[in-house]
Novice: 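Let me begin by handing over the structure; questions about it come next.
Since the structure is predicted, the reported quantities are computational estimates derived from the model, not experimental observations. Atoms within a ligand are numbered from 1 in the order they appear, just like the ligands themselves. We count residues from 1, following the sequence as given.
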Amino acid sequence: MKDQLLARIEDRSAVISVVGLGYVGLPLSLEFARAGFHVIGYDVSQRVVDALNSGVSHIQDVSDAMLAELVDSGHFEATTDEGRLVEADAISIAVPTPLSKTRDPDMSYVHSAVEAVARNSHKGLLIVLESTTYPGTTREIMLPKLEECGLVAGEDVFLAFSPERVDPGNAIWHTKNTPKVVGGLTPACTETATALYQSCIDTVVPVSCTETAELVKLLENTFRAVNIGLVNEMAIVCDLLGVDVWEVIDAAATKPFGFMKFTPGPGIGGHCIPLDPHYLAWKMRTLNYKTRFIDLASEINSKMPDLVAEKVARALNDDQKSVNGSHILVLGVAYKKNIDDMRESPALDVIRLLEERGATVEFHDPFVASFREGSEVRHGIELTDDALRAADAVVIVTDHDGVDYQQVVDQASLVVDTRNMVQATHQSRARVVSLAGPPAQRGVAPVGTRAAADRPAAVQHA
Ligand code: SAJ
């Protein structure tokens, strides 16, 4: 079975299926198609499937032209018919693994996908799970479903885990040139999965088993969550001491070894960093172990929106204003700079906390015109001088590049800056309050500020 599969991968006669055509599955599908395979993309959304088959991409990193070319050449087709999976020699599963309301893993998408694959499985099939999940998932969820079909892993079917490392909007790293870790249930599983990905990805990194591959991803993103939590705690420390935390971090970052720069902010968002570590924490709780770094980082990171709201309240108070009744303009609502993704965005928490205190909050985001919150759709406003002057406080939450920060400090009366994007200048109107730094005065750069050369071009010291 293994040799037949390896031969079909080698001569590209293997049919590949990808289950889940989102920001992971669609780019992966097209890399397989580009490598010469016939790819059957499977998704439960008829809207997504119809759009893809007509050459329209719903994924920022996949252009319509790229998609249309592979659809027209017959290398890629999308379907909602799970029965088509029976045609596949290899299947990659890239479905969501969110957290439930109680911050526990929501494996429902994985279960559905694995059951659909099992219903259409056959001897000689390779199945690779890519969704970020707790260690043990491949062995504990995927393997039994295939064994129920009378298939023996490592002989009849080959099972592996390969973490997705897609960073949407990243101009440098994308599916083909990002090293791909692959771990199989058996050596034959690792060998076949490695051969599959080597057909279209520049660097493949085989590891000894599925748990290793599952943990690699969790270490990568837990590393980020913990280090972001560390710098957010440093921000709290610096705020209490009246020291510019960004100056501290920038100076520490001059160390050419043994240090890696992270920056504080209003909290963490996205579909990875706030969620992935909880998959590991949950698994370890079942083994009676408390992952204290993960829990502490989560506690600090999830408290940052409250700290921002408190900072705004204190800054308004210094202007003899209360939050209640104030008009606040939030600059940037996406979860990180220069993208339109709102998932888990801390801006949503900041807005909610300010409105709970009685503020009227509007937002401007060059990448997000509007977003849905429950049954309500919130629309952004244009960043005009009038809008800035009308605000009792302007809160910089997302550090998009496409904002004229000079205009902001020239027109606003109070700016609460959670991303170190602006500094008051002598000719500016704004009093700038940093997330973590020395007390701000109107129009005077705080003592010990970073060199002007480091500042965004728009805001230079007089
Ligand atoms: N954040 C900080 N301070 C930092 C870095 C990030 O507050 O120093 C915040 C961001 O504003 C954002 C959140 O954390 O709200 C997550 O930011 P991120 O830079 O980690 O971006 P993500 O969530 O898109 O993470 C993805 C991850 N990629 C995958 O899981 C495949 C992550 O592993 C990447 O390292 C990251 O992109 C990246 O480097 O862009």
Novice: Got the closest protein heavy atom to atom 35 (O) of ligand 1, with its distance?
Specialist: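 Sorting protein heavy atoms by distance from atom 35 (O) of ligand 1 puts R224 CD, 3.2 Å first.
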Novice: Hey, does K217 come in under 3.5 Å of ligand 1, counting only N/O atoms on both sides?
Specialist: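 Yes, K217 has an N/O under 3.5 Å of an N/O on ligand 1.
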Novice: With heavy atoms of E164 as the reference, note each atom of ligand 1 found under 4.0 Å away.
Specialist: 31 (C)
Novice: If the contact criterion is a heavy-atom separation under 4.0 Å, does R419 count as touching ligand 1?
Specialist: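 Yes.
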Novice: Out of curiosity, is R165 lining ligand 1, as in a heavy atom under 4.0 Å away?
Specialist: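 Contact present.
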Novice: I'd like the name of whichever of I268, V166, I228, N170 reaches closest to atom 6 (C) of ligand 1 through any heavy atom.
Specialist: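 The residue whose heavy atom sits nearest atom 6 (C) of ligand 1 is I228.
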Novice: Going by salt bridge (Lys or Arg N to Asp or Glu O under 4.0 Å), name the residues that satisfy it together with E130, two or more places apart in sequence or in a different chain.
Specialist: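 Residues passing salt bridge (Lys or Arg N to Asp or Glu O under 4.0 Å) with E130: K180.
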Novice: Would you mind listing which atoms of ligand 1 come within a distance below 4.0 Å of any non-hydrogen atom of T263?
Specialist: 2 (C), 3 (N), 4 (C), 7 (O), 8 (O)
Novice: Quick check, are the ring centers of F37 and F76 under 6.0 angstrom apart?
Specialist: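 Aromatic pair excluded; centres sit 6.0 Å or further apart.
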Novice: Assess K261 for proximity to ligand 1: is some non-hydrogen atom of it under 4.0 Å away?
Specialist: no
Novice: Is a salt bridge present between D365 and K337, judged by a nitrogen-to-oxygen distance below 4.0 Å?
Specialist: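 K337 and D365: not salt-bridged.
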Novice: Given Y335, W173, F262, F223, identify the one with the heavy atom nearest to atom 15 (O) of ligand 1.
Specialist: Y335
Novice: Which of the atoms in ligand 1, numbered in the order shown and given with their element, are less than 4.0 Å from a heavy-atom of C272?
Specialist: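 Result: 29 (C), 30 (O).
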Novice: Do P264 and R419 have side-chain heavy atoms sitting under 4.5 Å apart?
Specialist: no
Novice: For residues 369-377, run the donor-acceptor check on the side chains, cut-off 3.5 Å, and write out each pair with its distance to 0.1 Å, sequence neighbours left out.
Specialist:
none

Novice: Is the number of heavy atoms from other residues, nucleotides or ligands within 6.0 Å of OH (Y109) greater than 12?
Specialist: no
Novice: Give the residue and atom name of whichever protein heavy atom lies nearest to atom 16 (C) of ligand 1, and the separation in Å to one decimal.
Specialist: G269 O, 3.5 Å
Novice: Just checking F363 against H379, ring centres under 6.0 Å apart?
Specialist: no
Novice: In the protein, which heavy atom is nearest to atom 21 (O) of ligand 1, and how far is it?
Specialist: K336 NZ, 3.2 Å
Novice: Closest by any non-hydrogen atom to atom 32 (C) of ligand 1: pick that one out of D341, N301, N221, I339.
Specialist: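 It is N221 whose heavy atom sits nearest to atom 32 (C) of ligand 1.
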Novice: Using 4.0 Å as the upper bound for N to carboxylate O, is an ion pair formed by E31 and R34?
Specialist: yes
Novice: Based purely on interatomic distance, does D167 place a nitrogen or oxygen under 3.5 Å from a nitrogen or oxygen of ligand 1?
Specialist: yes
Novice: State plainly whether the residues D104 and R285 are in salt-bridge range, i.e. N to O under 4.0 Å.
Specialist: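 Counted as a salt bridge, because a side-chain N and a carboxylate O are separated by less than 4.0 Å.
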